[in-house]
Structures are given as structure tokens and as C-alpha cells.
Amino acid sequence: MASSIEFDRFNLIPLSLTPICNCHSHHHPCTSSQFHHSSTRTLTLTRPRCSISRIGFFVDGSRVRDISGLPKSVFLKHPRIITAVARAEPGRLFDDESKEEVNKCSSTTAGEIPTSELKQKNSQLKKRVVFGLGIGISAGGVVLAGGWFFTVALAAAVYVGAREYFELVRSRGIADGMTPPPRYVSRVCSVICALMPVLTLYLGQIDVSVTSAAFVVAMALLMQRRLPRFAQLTSAMFGLFYCGYLPCFWVKLRCGLAVPALNTRLGASWPIIFGGPTQWTVGLVATLISISSIIAADTFAFIGGKAFGRTPLTDISPKKTWEGALVGLGGCIATSVVLSKTFCWPTSTLSAVAFGFLNFFGSLFGDLTESMIKRDAGVKDSGSLIPGHGGILDRVDSYIFTGALAYSFVKMLLPLYGV
């Protein structure tokens, strides 16, 4: 394919071109242009002195048109001539776009990946795998333990996630368009969010803790010395809802649904270290199925998107595709059905399918919500607490809304909790 460079009428002084080829230096002087061949990969154009109506040359490695007296041997000896188009205006030869195009020509050829970049990607992948396995094993142990151990661990994660949320609110991308809450209000909200799961387990319900928290935060904002702004109140209240109220449903799901599910061999032989058979409850089974379904949804969506992804799902997260979402939905439902057969809960296959369907959309909605917050904040990750994974919110975004949906489904739609 022929490459071309064309310049409309403007004044030129000697033109210096360096082709993209590693060879010995050859100099070809001429009246209007001069070529220098070296191992560098740059294109240098200097400002003209003589007026030329038009210059154009076409290179395909075997045929070159005469260019103001330039010898054809200049191109025939070096077929890999620069492939670029430089546009010029009278009085200005280079603009920013043409400079950028020339710089691209000096980069490595397509398909070449530096060794350092490969090493960095491999290192990041190892970190993700190691810390991902560590988080998964730790979370599994916490879920099996239940009770106060589960609640305190959840409260710690909620506190860190709330701190990350309010840092995102204070970031440049969001704070430029609104007034963020004062730092002391953000810290108070983070502490309140961490206390909500504890109060939920202790009191058995969430209403009192949420109402009290909203009152405390509203009074703190209204009594500040500076003039309070509505944006401060809305961002703080959403933080209490997003980081505090919604995670409390995991406590209600895991610890609140204490009906024993002894209709399986696994439940009858549940180890004493985890409380014995009486602790094999509907809440534990529902939590295990829900978390496993979310993991399956994320995994299958990633694999499906890589293999078949063509159609973007939404502008909020450009990497997500409809094809990946459909594969993720199938994997989530399949996981829910298989585990329901293993645990004998829920007893209806249709209920298991509906439970998997609900878990998928809860996880997808939570993921997109966090992506929207990060997109407005102008950051890639919510934090840097977990090497290779980002912050807490980056890891738990799929679980934030799902707990409330799973608890509502089991409590309200399954007769006798599906046993």
C-alpha cells in the first residue's frame, strides 16, 4: 500500500527526513531537500525559504514518483519509509496533531510488547491471584463462623469502604461540581456506618440505627460554622445508605434467618467447631449460595466478555458487554441451581433459578453504581488497600445491593424460608 505525504502551497526550506530503518548513514544532497538515514526514528521538518507550489511523494517499495529532483534510489534502497501524513498551514508547518502523528511513527511496531511491560503485567497478575485467594479463604471462614465474628469483620470492611467513599466524594472530579461534607462529618459518618451492622445484630433490626444516624449527621451539617449546602446533606445521606444501611442486610441474612436446615447430610454432620448441626441454618445456606453465585457471575461475565464481547453494555463501564453479561447470567443461575440441589435449599428448582437471577442483577447494579462514582471522581480504583485489586469498594461493589435483595427474596417470597 502506498504511503504519501502532501503539502499544499507554502514556503519551504530544506526538508530533512529520517526513514524508519536501521541502516548505515547515506546523505543525498539536493537543491530543495536533504535526506539523512540513521538508526533513529524521527521525522524533522524545518521551515522553508523557497516557495514551492506542491510537493507529493508516494512510496510502495518499488515505484517512486519524482519529487522535485530527488533521486529514486533514496526510496528504492529503503522501502520502509515513514508512513505518516503531516498537514501544514501557511505560516505554520507543524501543529499539535501532526507532531503527535510523527511521534507515533517513532514508537515500536505494532504487536511488540516491551519485556518490562510483560514482567509488570505478570507481577500484577500474581498479586491479584495471591491476594484474591487470601481474601476468598478469609471471607469463607468468616461466613461459616457467623454471629459476632461475622458481624465484626463486616463492620471493619464497612468502615474502610465508607472512608473510601467519602474520599471519592472529596476528589477533584466530584468536588468541582459540588460542596463535599466537612472532613469531621465524613469521619463521623464512617464510624456510624461501621456501627450499623453491630446494632443490627444486637437489636435484631435496622430501623432505629438508620434513623438515629440520619438525625446525627443532619444536625452536624446544620450546626457547622460555614453555610450548609444541600449537596453536603445528600452525599452524606447516600453514604450512610450505600456504605452502612445496605451491608446490614448481610447480617440479617446470615444471622437473622436462624431456622435450621437439617434436610441434608451436610447439615446433619455440621462440625461442632462451627456450632454443630443447629448452626446449619437457612441463613448460612442462603449466604453461601448468594456469594457463590456472585463470584460465578463475575467470573463467567469476564470470560464471556473476553471471548465473545462485541456490543458495549453501557457507557458507565465501557469494558462490559452484552455478551459477557448474558454469559455471566447463565453462570450465576447454573451455580445457584447446582448448589440448591447440593444443599437441598430451596426445594423448588424454579425458586433456585429466580434466586440466581436476582443475585446476578443485584451484583451487576452494584458494580455499575460504583463504576459511576469512580467515573465522576476521575479515578480508576477506589483505593489501594489490596495490592492488585484496588480498594475495598472495588472488591465488594457487587455485594452491596445483593444482600438486601437476597434477604427480601428469602424472607418474603419463599414460604417457610424455602425449607
Side-chain angles (χ1 to χ4, degrees), residues 128 132 135-136 139 143 154 157-158 161 164-165 168 238-239 241-250 253 286-340 346 350-377 379-383 386 389-410 412-413:
R128 289 181 65 88
I135 293 172
V143 171
L154 179 64
V158 165
E164 291 178 356
Y165 165 80
L168 291 176
F238 181 77
F241 171 77
Y242 183 70
C243 300
Y245 176 74
L246 290 175
C248 290
F249 281 96
W250 284 107
L253 179 67
T287 303
L288 290 175
I289 294 179
S290 183
I291 291 177
S292 301
S293 299
I294 294 171
I295 295 173
D298 291 341
T299 303
F300 279 90
F302 176 79
I303 296 174
K306 286 291 185 181
F308 312 107
R310 296 293 184 273
T311 310
L313 179 63
T314 174
D315 292 337
I316 297 176
S317 185
K319 292 184 179 181
K320 287 182 173 56
T321 61
W322 279 103
E323 294 82 0
L326 292 176
V327 175
L329 175 60
C332 184
I333 293 176
T335 302
S336 178
V337 172
V338 170
L339 291 180
S340 71
L350 182 61
S351 298
V353 172
F355 194 49
F357 192 85
L358 199 67
N359 283 321
F360 171 78
F361 279 98
S363 66
L364 179 62
F365 184 74
D367 194 346
L368 292 178
T369 301
E370 203 243 353
S371 296
M372 177 187 65
I373 297 174
K374 291 191 298 183
R375 190 178 184 87
D376 285 352
V379 298
K380 180 181 178 182
D381 298 320
S382 63
I386 309 172
H389 290 266
I392 286 290
L393 288 180
D394 294 318
R395 293 302 92 203
V396 303
D397 53 0
S398 299
Y399 300 85
I400 292 178
F401 288 93
T402 314
L405 295 176
Y407 175 79
S408 301
F409 176 82
V410 176
M412 299 174 61
L413 298 180

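Sorted by first and then second residue, the pairs that involve residues 355-366 and meet side chain to side chain donor-acceptor pair (under 3.5 Å), not counting sequence neighbours, are Ser290-Asn359. Sorted by first and then second residue, the salt bridge (charged side-chain N to carboxylate O under 4.0 Å, His left out) pairs with a member in residues 293-312 form an empty list; sequence neighbours excluded. Residues in residues 319-334 take part in these salt bridge (charged side-chain N to carboxylate O under 4.0 Å, His left out) pairs, two or more places apart or across chains: Lys320-Asp367. Here side chain to side chain donor-acceptor pair (under 3.5 Å) pairs that include residues 329-340, with residues two or more places apart or in two chains, number zero. Listed by first and then second residue, the salt bridge (charged side-chain N to carboxylate O under 4.0 Å, His left out) pairs that reach into residues 350-366 come to none, sequence neighbours excluded.
Counting heavy atoms from C-beta outward, Ile294 and Cys332 have side chains that stay 4.5 Å or more apart. You'll find the side chain of Ser317 stays beyond 4.5 Å of the side chain of Lys374, heavy atoms only.
Residues meeting the salt bridge (charged side-chain N to carboxylate O under 4.0 Å, His left out) test with Glu164, sequence neighbours left out: none. Applying the side chain to side chain contact (heavy atoms under 4.5 Å, CB included) rule to Ile333 yields the partners Leu329, Val337, Val353, Phe357; only residues at least two apart in sequence or on another chain are considered. Partners of Thr299 under the side chain to side chain contact (heavy atoms under 4.5 Å, CB included) rule, at least two apart in sequence or in another chain, are Ile295, Ile303. Take Ala377 and apply the side chain to side chain contact (heavy atoms under 4.5 Å, CB included) test, not counting sequence neighbours, and it matches Leu168, Ser171, Ile174, Val379. Among residues two or more places apart in sequence or in another chain, the ring pair (Phe, Tyr, Trp, His ring centres under 6.0 Å) test is passed with Phe365 by Phe401. For Phe300, there are no ring pair (Phe, Tyr, Trp, His ring centres under 6.0 Å) partners two or more places apart in sequence or in a different chain. Every residue meeting the side chain to side chain contact (heavy atoms under 4.5 Å, CB included) condition with Cys248, not counting sequence neighbours, appears here in chain and number order: Met196, Pro197, Thr200, Ile206.
Using bins of under 30°, 30° to 60° and over 60° for the plane-to-plane angle, the ring pair Phe241/Tyr245 lands in the parallel bin.
Pairing each heavy atom of Ala404 with each of Leu246, the nearest pair is CB-CD2, 4.3 Å. Here the closest heavy-atom approach between residue Val158 and residue Cys243 is recorded as CG1-O, 3.0 Å. For the residue pair Leu393 and Ser382, the shortest heavy atom distance occurs at CB-OG, 3.5 Å.
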